[in-house]
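A short worksheet on the structure shown next.
Chain letters run A, B, ... following the sequence lines, proteins first, then strands; residues in each count from 1.
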Amino acid sequence: MSEPTTFQAPIGTHDVLGPASAEWEGVVATFAQLAYRFGFELAVTPMFEELGVFHRGIGEHSDVARKEMYVFEDRGQRQYALRPEGTAPIVRAFVQHGPATPWKAWYVTPAFRYERPQAGRYRQHHQLGVEVLGTDDPALDVEVIALALRFYQALGLVRVRLIINSMGHDECRAAYVERLRRHLLANVAGLCVDHQDVWHENPLRVLDCKKPECVAVTSAGPMLIDFICEECREHFDRVVRGLDSIGIESELNPRLVRGFDYYTRTTFEYVADSLVGSQNSIGGGGRYDKLAEQLGGRPTSGVGFGSGIERVLLARAAEEVEPRNLVNRTLDLFVIDTTGEDVATVLVDELRSAGFATDRAYDRRSMKAQMKAADRSGARFALLVGPQEWAAGEVTIRDLRSDDYEQAQRRIARDDVALSLANLLND
RNA sequence: GUGGGCGUAGCUCAGUUGGUUAGAGCGCCAGGUUGUGGUCCUGGAGGCCGCGGGUUCGACCCCCGUCGCUCACCCCA
């Protein structure tokens, strides 16, 4: 391949620029606000970790670890991986620093997976999520699941469904996997071509297969939810009852098996019915009571979820949610300077310091060009400063939403700008 | 990793059986308007027709390769 003359973003990545970035910013701000309200603090951890964090976290044999991770060696011959998901790094940080429990942390982060891109699937996507470490109280499963739903609701999503399952703890799960293995062995011939050979590596994956052949085989077989121990059952029931008590409907799906090995007990997924099947999972998570130990820490329960920003935006588009601004990014004022002395530099600095969102034109362009720029900026008011006004210590303030030349503008003393503007904006 | 569709201006796209200076709309810049935007009119800038090779007197057009985008399978957010 010859060196290209221009560059573009790497395969499967995308640039987020305005005006789409405003919606992005709104989604993140909405989540941050909600996380704060739920008692979570922000946690920022590195974009890459030692490879072992993910091998021991999400499981060496998971699809993501096997064929989707960006693994690299640094100049010191250390093996690292770009984070393919958000949970393992947070738990690594928890183990390393030992914050007081329950530790409730939220994050926003890119996630990297080497996949063939398609709608709603990227090599770099972005996730918002929360994790709680230090207690196995089912009330926290409920809280985490509720936070996710409140988030979707705040974004205006309606066609969102919660599906839930229990993976049991490691012992009931191991016993179940044995049963499932025996069942699959007895029915290998009936499995779909993709699972004929690989079913024994991770029998649980077959449950997730949508091919009719596999569905036929597994639906005749044992379901994990029927084999979990008494404590796991009790935990699960308390989660479902808790959700019910705050009006959150959950739908048991005994086939729900998520792709990371660290899950125990509660697992859940939010499905957007406005999206097509292959990309309709907009968020998911669950409990991981063994993960801290696997990463070398003391036994510590945990529960959390992650949601994909791109998926959430796809769902908003699919539901045709009004693109109302989640954050206000309207300029208050646009300064138009025709004095030839660059007084705009002084004025914008003054007004910005006074708290007004202010912009201006550059390059000493014509009045007409500056007015066009003001119009395009979406600013509420224009501040016109010409040589005569400036000499008289005055400026003209003009309402850009009005088309009435006489009514829309008036001259005021330069020193009164901040006060007048504040009054006008309050009207 | 497998398969389908598509690469022409900043954006959305035309481009005749292969024919010489490659077009439109939107956007951008300037003027019409001697300080006044959003409408209108006029003019202008902006293209290695993704890249490389081949066929041909001649290629945006046909063939091969390649890179990229996109959609789907798989898996996930």
Side-chain angles (χ1 to χ4, degrees), chain A residues 1-14 17 58 62-68 83-87 108-129 148 192-195 198 202 205 208-211 214 257-260 269-272 275-285 305-315 334 336-340 361 363 365-379 381-390 395-406 408-409:
Chain A
M1 184 173 62
S2 63
E3 185 77 7
T5 52
T6 60
F7 297 102
Q8 51 185 309
I11 300 173
T13 68
H14 56 134
L17 313 176
I58 65 182
S62 65
D63 280 1
V64 169
R66 270 199 358 256
K67 46 189 196 192
E68 294 183 357
R83 51 167 35 174
E85 58 98 45
T87 300
V108 51
T109 180
F112 305 89
R113 296 181 199 167
Y114 191 86
E115 311 187 72
R116 284 290 292 272
Q118 68 185 65
R121 202 186 66 178
Y122 304 95
R123 289 189 176 177
Q124 177 179 339
H125 75 279
H126 300 80
Q127 289 193 23
L128 295 157
C192 77
V193 284
D194 291 337
H195 286 110
V198 298
N202 191 348
R205 287 252 60 84
D208 210 22
C209 183
K210 284 137 202 139
K211 298 268 165 50
C214 281
V257 177
R258 298 179 48 76
F260 303 135
E269 206 167 290
Y270 276 100
V271 173
L275 299 178
V276 298
S278 56
Q279 67 214 30
N280 67 357
S281 169
I282 58 173
F305 87 92
S307 194
I309 294 179
E310 290 84 356
R311 289 279 171 89
V312 159
L313 292 176
L314 271 182
F334 197 95
I336 292 171
D337 173 10
T338 54
T339 61
D363 304 318
R365 302 221 280 155
S366 70
M367 167 118 242
K368 176 172 175 159
Q370 292 194 51
M371 279 301 287
K372 286 185 80 143
D375 186 52
R376 262 199 304 271
S377 77
F381 294 97
L383 194 71
L384 296 90
V385 194
Q388 302 96 312
E389 281 137 324
W390 194 242
V395 296
T396 297
I397 192 161
R398 177 179 175 83
D399 185 344
L400 287 171
R401 291 187 198 167
S402 169
D403 56 358
D404 183 332
Y405 188 94
E406 301 295 323
Q409 65 184 46

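Counting atom types as modelled, Q370(A) pairs no side-chain N or O with a base atom of rU36(B) as donor and acceptor under 3.5 Å.
The 5' end of RNA chain B is approached more closely, in terms of each residue's nearest nucleotide, by M371(A) than by the other of E68(A) and M371(A). A residue-by-residue look at T13(A) and V257(A) shows that T13(A) has its nearest nucleotide of RNA chain B further toward the 5' end.
Atom pair Y270(A):OH and rA77(B):P shows a separation of 15 Å (rounding to whole Å applied). Spacing between atom CG of L383(A) and atom P of rG37(B) amounts to 17 Å, rounded to whole angstrom units. A straight line from CG of D337(A) to P of rU36(B) spans 15 Å, rounded to a whole angstrom. Atom CD in E115(A) sits about 15 Å away from atom P in rC69(B), given to the nearest Å. Distance D399(A) CG to rG38(B) P: 16 Å, rounded to the nearest Å. Summarising the geometry, the separation between CG on D375(A) and C1' on rG27(B) is reported as 14 Å, rounded to the nearest angstrom. D363(A) has its CG atom 12 Å from the C1' atom of rC29(B), to the nearest Å. The distance between atom CZ of R66(A) and atom P of rC74(B), rounded to the nearest whole Å, is 16 Å.
Using a 4.0 Å heavy-atom distance criterion, L400(A) is classed as a base contact. Using a 4.0 Å heavy-atom distance criterion, Q279(A) is classed as a base contact. No contact: Q388(A) has no heavy atom under 4.0 Å from any strand. Residue contacts shown for G386(A) include a base, since a base heavy atom lies under 4.0 Å away. At the heavy-atom level, A119(A) lies under 4.0 Å from the strands shown only through sugar-phosphate atoms. Within the 4.0 angstrom heavy-atom criterion, no nucleotide atom of any strand lies near E310(A). Contact annotation for V271(A): no contact, since no heavy-atom pair falls under 4.0 Å across all strands. Contacts of T339(A) with the nucleic acid, taken as non-hydrogen atoms under 4.0 Å apart, are absent. Among the heavy atoms of the strands, none lies under 4.0 Å from E269(A). I11(A) comes within 4.0 angstrom of the backbone, heavy atoms only, and of no base. Residue S307(A) is out of contact with every strand shown, counting any heavy-atom pair closer than 4.0 Å.
When the P atom is used for both rG44(B) and rG25(B), the distance is 13 Å, rounded to whole Å. Comparing the C1' positions of rC64(B) and rG23(B) gives an interatomic distance of 30 Å, to the nearest angstrom. Only the C1' atoms considered, rC41(B) is 45 Å distant from rC67(B), to the nearest whole Å. For the C1' atom pair drawn from rG47(B) and rC63(B), the interatomic distance equals 25 Å after rounding to whole Å. rC29(B) and rG46(B) have their P atoms separated by 16 Å, with the value rounded to a whole Å. Separating the P atom of rG7(B) from that of rG50(B) is a span of 9 Å, rounded to the nearest Å. rC13(B) sits 33 Å from rC75(B) when the P atoms are compared, rounded to a whole Å. Comparing rU20(B) with rU33(B), their P atoms sit 41 Å apart, to the nearest whole Å.
Closest to the side chain of L384(A), out of rG31(B), rG35(B), rA77(B), is rG35(B). Taking only side-chain atoms of K372(A), from C-beta outward, the nucleotide of rG38(B), rC75(B), rU36(B) with the closest atom is rG38(B). Closest to the side chain of R205(A), from the set rU36(B), rC75(B), rC29(B), is rC75(B). Closest to the side chain of R311(A), from the set rU36(B), rG35(B), rA77(B), is rA77(B). Relative to the side chain of F260(A), the nucleotides rG31(B), rA77(B), rA72(B) differ in distance, and rA77(B) lies closest. Side-chain proximity of S366(A) to the nucleotides rC75(B), rA72(B), rG31(B) is greatest for rG31(B). Taking only side-chain atoms of K211(A), from C-beta outward, the nucleotide of rC74(B), rA77(B), rC69(B) with the closest atom is rC74(B). Among the nucleotides rG37(B), rU36(B), rC29(B), the one closest to any side-chain atom of R376(A) is rC29(B). Among the nucleotides rC29(B), rG68(B), rA72(B), the one closest to any side-chain atom of R365(A) is rC29(B). Side-chain proximity of Q118(A) to the nucleotides rU36(B), rA30(B), rC74(B) is greatest for rC74(B).
Counting heavy atoms from C-beta outward, E85(A) and V64(A) have side chains that stay 4.5 Å or more apart. In this structure, K67(A) and Y114(A) have side chains that are not in contact, with every pair of non-hydrogen atoms separated by 4.5 Å or more. Under the 4.5 Å side-chain criterion, counting only non-hydrogen atoms from C-beta, T396(A) is not in contact with I336(A). Side chains of R398(A) and M371(A) form a contact here, defined as non-hydrogen atoms less than 4.5 Å apart. Counting heavy atoms from C-beta on, the side chains of L384(A) and M367(A) come closer than 4.5 Å. Between T339(A) and E389(A) the shortest side-chain heavy-atom distance does not fall below 4.5 Å. Side chains of L400(A) and D375(A) form no contact here, defined as non-hydrogen atoms less than 4.5 Å apart. Between I282(A) and L275(A) there is a side-chain heavy-atom pair separated by less than 4.5 Å.
D208(A) has a carboxylate O that lies under 4.0 Å from a charged side-chain N of R205(A), or vice versa, which qualifies the two as a salt bridge.
Contact between A374(A) and F334(A) at its shortest, heavy atoms only, is CB-CD2, 3.4 Å. Considering all non-hydrogen atoms of both residues, V312(A) and S307(A) come closest at CG2-OG, 3.7 Å. The two residues P117(A) and R123(A) have their closest heavy-atom pair at CD-NE, 4.3 Å.
Looking only at distances, a side-chain donor or acceptor of Q370(A) sits under 3.5 Å from a matching main-chain atom of R365(A).
Note: Q279(A) CD to L314(A) CG = 6.0 Å, rounded to the nearest 0.5 Å.
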Fill in the blank from the handout: With both pairing distances under 3.5 angstrom for Watson-Crick or G-U wobble, and | for a partner in another strand, the correct string for RNA chain B is (((((((..((((.....[...)))).(((((.......))))).....(((((..]....))))))))))))....
Could you go over nucleotides 10-12 of chain B and give all protein N or O partners under 3.5 Å, atom names and distances?
none

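An OP1 or OP2 oxygen of rG38(B) is reached within less than 4.0 angstrom by no side-chain nitrogen or oxygen of R401(A).
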